[in-house]
Amino acid sequence: LVLGLGLAACAETNTLAPGHYENSATSKSRDGTKTTINKETDVYYDQHGNKKTTVQTEKTTDPKGLFNKETTKSVKTYN
C-alpha cells in the first residue's frame, strides 16, 4: 500500500498545476495496526522558470496497544 502511494505521488508531480495540495489516507491491518499517511504537495516555478515540486510526507504507524506509535517525516523536491 505504501509503495503504491509513493509511486503515484512521483507520477502525479509532473502533471499537477502550480498550487498547494493535501492528501490523507488511513488503513488498518488485520492485526489492528493503523497506518496514516499525510502528504502536502507544493508545485511552483523557480526563479529560472523551472517547474519544481516539494512533497512533505508524514507516516504514522500505530500498532494495537499502548505507547508504541511511530511517526516518520520526509521532504523531497522533484524537478
Any residue meeting side chain to side chain contact (heavy atoms under 4.5 Å, CB included) with [X], in chain and number order, not counting sequence neighbours:
X     : answer
Tyr44 : Lys52, Thr54, Thr77
Glu22 : His20, Glu40
Thr61 : Thr33, Thr35, Lys59, Pro63

(Q) Once salt bridge (charged side-chain N to carboxylate O under 4.0 Å, His left out) is applied, what residue pairs with a partner in residues 63-79 remain, sequence neighbours excluded? (A)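 Applying salt bridge (charged side-chain N to carboxylate O under 4.0 Å, His left out) to every pair that reaches into residues 63-79, excluding sequence neighbours, yields Glu58-Lys73.
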
Q: Not counting sequence neighbours, which residues clear side chain to side chain donor-acceptor pair (under 3.5 Å) with Asn38? List them please.
A: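 Partners of Asn38 under the side chain to side chain donor-acceptor pair (under 3.5 Å) test: Ser24.
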
Is any side-chain heavy atom of [Y] closer than 4.5 Å to one of [X]?
X     : Y     : value
Thr41 : Thr53 : yes
Lys28 : Thr26 : no
Asn50 : Tyr45 : no

Q) Between Lys39 (side chain) and Tyr21 (backbone), is there a donor-acceptor pair under 3.5 Å? A)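 Checked: no pair found.
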
Q) Quick one: hydrophobic cluster around Phe67, which other residues, with the 4.5 Å side-chain cut-off, linked directly or via members? A)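 Answer for Phe67: Leu66.
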
(Q) Using every non-hydrogen atom in the two residues, find where Thr15 and Lys51 come nearest and quote the distance to one decimal. (A)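 Answer, listing the atom of Thr15 first, then Lys51: C-NZ, 4.3 Å.
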
